[in-house]
Amino acid sequence: MINNWCRSSLVGLLLASVTVSTAAQENVTDNASNTTPSPTAQSPASSAEFWFNQMSTALRELNFEATLVKSSGSRLEPMTWLHGVYQDGLEVELVVRLNGADVRSVRIGDDTSYYSQPSDSSYTLHSDVTYGLLPAAFYQPFEALQPHYQVRVDRGMRVTGRATYFIRILSRNNDRYHYGLWIDRSSGMLLKMQMTTPQGEVLEQIQLTTFSERESMPISLSDLRGVPRPPRLHEIRNLEAPQYGVQAQWLPAGFELLRASHRRIAGTQLATDHFLYTDGLTEVSIYVSNRQQQALPELAIQGPESLFNLNLGEHAITVVGKLPATTLERIAQSVQADSE
């Protein structure tokens with residue numbers, strides 16, 4: 001059942017989202033010249049993988065300035081996004097949210113810092129991607145996704161005045177969301193992304209509104225190496241091992257455990273075991289707590305961030321992630337005593 005009254009309270013209870021963003025830039029008109037191969041020159045699957053890999057290379061190697069709008073449900077977030085590469089090959093990326101609180105991220109190499117003002121909650125993660133903007137898998141070759149996703153390519157519509165190819169990333173078993181990508185033909189840059197249900201409903205979208213490729217690093221990024229960095233997250237939080245002795249026995253193929261810990265949820269101090277899994281393209285979190293202390297009903301919510309809450313014996317099992325609610329339900333129902 002879907003219970004909207006519980007949605008905001010439960011998501012607020014269990015999720016701490018990190019978003020990031022930057023300064024507005026000029027638009028660029030479409031470059032008519034295109035020296036990269038046409039999809040018709042290859043098989044549809046190999047051509048789609050080729051363009052996906054062109055995108056992952058562009059995200060790592062291009063010097064650019066862009067503005068974008070991220071939409072999730074009825075929520076719209078304008079951001080600016082800058083990326084560059086120092087002469088020694090070190091990547092730097094800056095993303096700034098333009099509405100609401102001053103939230104931004106700075107990634108230099110494989111360290112990403114998240115700053116939030118006026119609250120004093122800034123921290124640094126060991127990560128070579130900026131979470132909250134694009135899936136981590138977009139920065140890597142398609143090969144890692146191939147066992148669980150298939151790709152298709154076609155000519156896409158113009159985006160930001162530029163000609164594109166359209167790539168569909170489809171879950172092989174429909175137990176995950178699908179993705180649509182519009183890739184700039186001349187630069188390989190991602191210009192638009194949609195996350196959809198297997199039935200085609202758009203749940204989340206990122207649309208670049210301006211994009212300027214630069215020959216060298218944007219000037220506003222050149223001094224970021226000297227910016228003071230907040231402490232690493234593992235230095236702030238003393239992680240404890242899970243304590244309830246239960247764990248999911250089923251997840252879709254390809255999901256691997258990133259970390260598991262026992263902690264108290266900020267604000268409520270609810271003692272919770274937390275398990276974080278990823279397949280590279282998306283993540284899912286499983287929260288295990290005492291049923292009486294959590295005191296929430298069983299419910300299912302499908303959306304950009306789906307949620308399923310199940311009362312199982314003395315435990316409350318809550319699964320949250322960018323997956324169909326039916327998949328989260330199956331994960332929750334598989335939770336049982338550890339086999340080890």
Side-chain angles (χ1 to χ4, degrees), residues 1-19 72-73 114 116 119 121 123 125 127 131-132 175-177 203 232-252 254-279 282-340:
M1 101 181 193
I2 295 180
N3 190 324
N4 289 327
W5 176 83
C6 293
R7 178 175 186 173
S8 59
S9 61
L10 191 55
V11 172
L13 176 70
L14 297 176
L15 297 179
S17 64
V18 177
T19 11
S72 182
Y114 299 91
S116 181
S119 64
S121 58
Y123 61 91
L125 289 176
S127 170
Y131 289 104
D175 53 9
R176 303 164 227 226
Y177 289 151
L203 299 173
R232 289 183 179 274
L233 188 60
H234 68 77
E235 296 169 351
I236 299 174
R237 181 185 298 156
N238 184 19
L239 297 179
E240 301 178 31
Q243 297 181 9
Y244 289 117
V246 297
Q247 193 170 347
Q249 304 302 310
W250 180 88
L251 283 100
F255 275 89
E256 298 180 355
L257 181 65
L258 282 184
R259 59 179 175 266
S261 64
H262 181 83
R263 60 190 175 94
R264 293 188 177 274
I265 301 297
T268 66
Q269 294 302 300
L270 177 67
T272 304
D273 283 354
H274 175 226
F275 303 88
L276 177 64
Y277 296 84
T278 183
D279 68 348
T282 191
E283 295 180 349
V284 60
S285 285
I286 302 173
Y287 300 86
V288 181
S289 55
N290 180 276
R291 175 178 180 174
Q292 292 184 341
Q293 292 178 0
Q294 191 211 56
L296 290 171
E298 296 188 357
L299 65 127
I301 300 169
Q302 178 155 301
E305 198 85 30
S306 297
L307 181 150
F308 187 86
N309 190 65
L310 174 68
N311 294 320
L312 193 64
E314 62 184 13
H315 299 113
I317 313 298
T318 307
V319 188
V320 182
K322 293 184 176 182
L323 293 169
T326 52
T327 302
L328 301 190
E329 178 180 7
R330 185 175 175 186
I331 294 171
Q333 290 176 342
S334 79
V335 172
Q336 56 184 271
D338 292 341
S339 55
E340 299 182 353

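Nearest heavy atoms, Ala316 versus Asn311: CB-OD1, 4.0 Å. Considering all non-hydrogen atoms of both residues, Leu251 and Tyr277 come closest at CD2-CG, 3.6 Å. Ala271 and Ser289 get closest at one heavy-atom pair: O-CB, 3.5 Å. Ser306 and Ala325 get closest at one heavy-atom pair: OG-N, 4.2 Å. The two atoms that bring Val319 and Ala332 nearest to each other are CG2-CB, 3.7 Å, heavy atoms only.
Here the CD-CZ distance, from Gln243 to Arg263, works out to 13.0 Å after rounding to the nearest 0.5 Å. Taken to the nearest 0.5 Å, the CG atom of Leu310 stands 6.0 Å off from the CD atom of Gln333. Taken from CD1 in Ile301 to CG in Leu328, the straight-line distance is 10.5 Å, to the nearest 0.5 Å. Arg330 contributes atom CZ, which lies 8.0 Å from atom CG of Asp175 (distance to the nearest 0.5 angstrom). Within the model, atoms CD of Gln302 and CD of Glu329 stand 11.5 Å from one another, a figure rounded to the nearest 0.5 Å. For the atom pair NZ (Lys322) and CZ (Arg176), the distance works out to 15.5 Å, reported to the nearest 0.5 Å.
Gln269 CD: more than 12 foreign heavy atoms inside a 6.0 Å radius.
With a 4.5 Å cut-off on side-chain heavy atoms, Ile331 and Trp250 count as touching. The shortest side-chain heavy-atom distance between Asp279 and Pro252 does not fall under the 4.5 Å cut-off. Residues Ile317 and Phe308 are not in side-chain contact: their nearest non-hydrogen atoms beyond the backbone lie 4.5 Å or more apart. Taking the side chain as every heavy atom from C-beta outward, Asn309 and Gln294 approach each other to under 4.5 Å.
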Would you check, one step at a time, whether the test side chain to side chain contact (heavy atoms under 4.5 Å, CB included) holds for Leu257 with Gln247? CA-CA 11 Å; Leu257 181 65; Gln247 193 170 347; 4.1 Å; yes

Could you go through the side chain to side chain contact (heavy atoms under 4.5 Å, CB included) check for Val335 and His315 one step at a time? CA-CA 10 Å; Val335 172; His315 299 113; over 6 Å; no

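No side-chain donor-acceptor contact under 3.5 Å links Ser285 to the backbone of Val320. Checked by atom type and distance alone, the side chain of Tyr114 pairs as donor or acceptor with a backbone atom of Tyr131 at under 3.5 Å. A donor-acceptor distance shorter than 3.5 angstrom exists from the side chain of Arg291 to the backbone of Gly313, with no hydrogens or angles considered. Side chain of Tyr177 to backbone of Leu323: a donor-acceptor contact under 3.5 angstrom is found. Thr272 places a side-chain N or O within 3.5 Å of a backbone atom of Leu270 that can act as its donor or acceptor partner.
The aromatic rings of His274 and Tyr287 sit parallel to each other, their planes meeting at less than 30°, with 60° as the upper class boundary.
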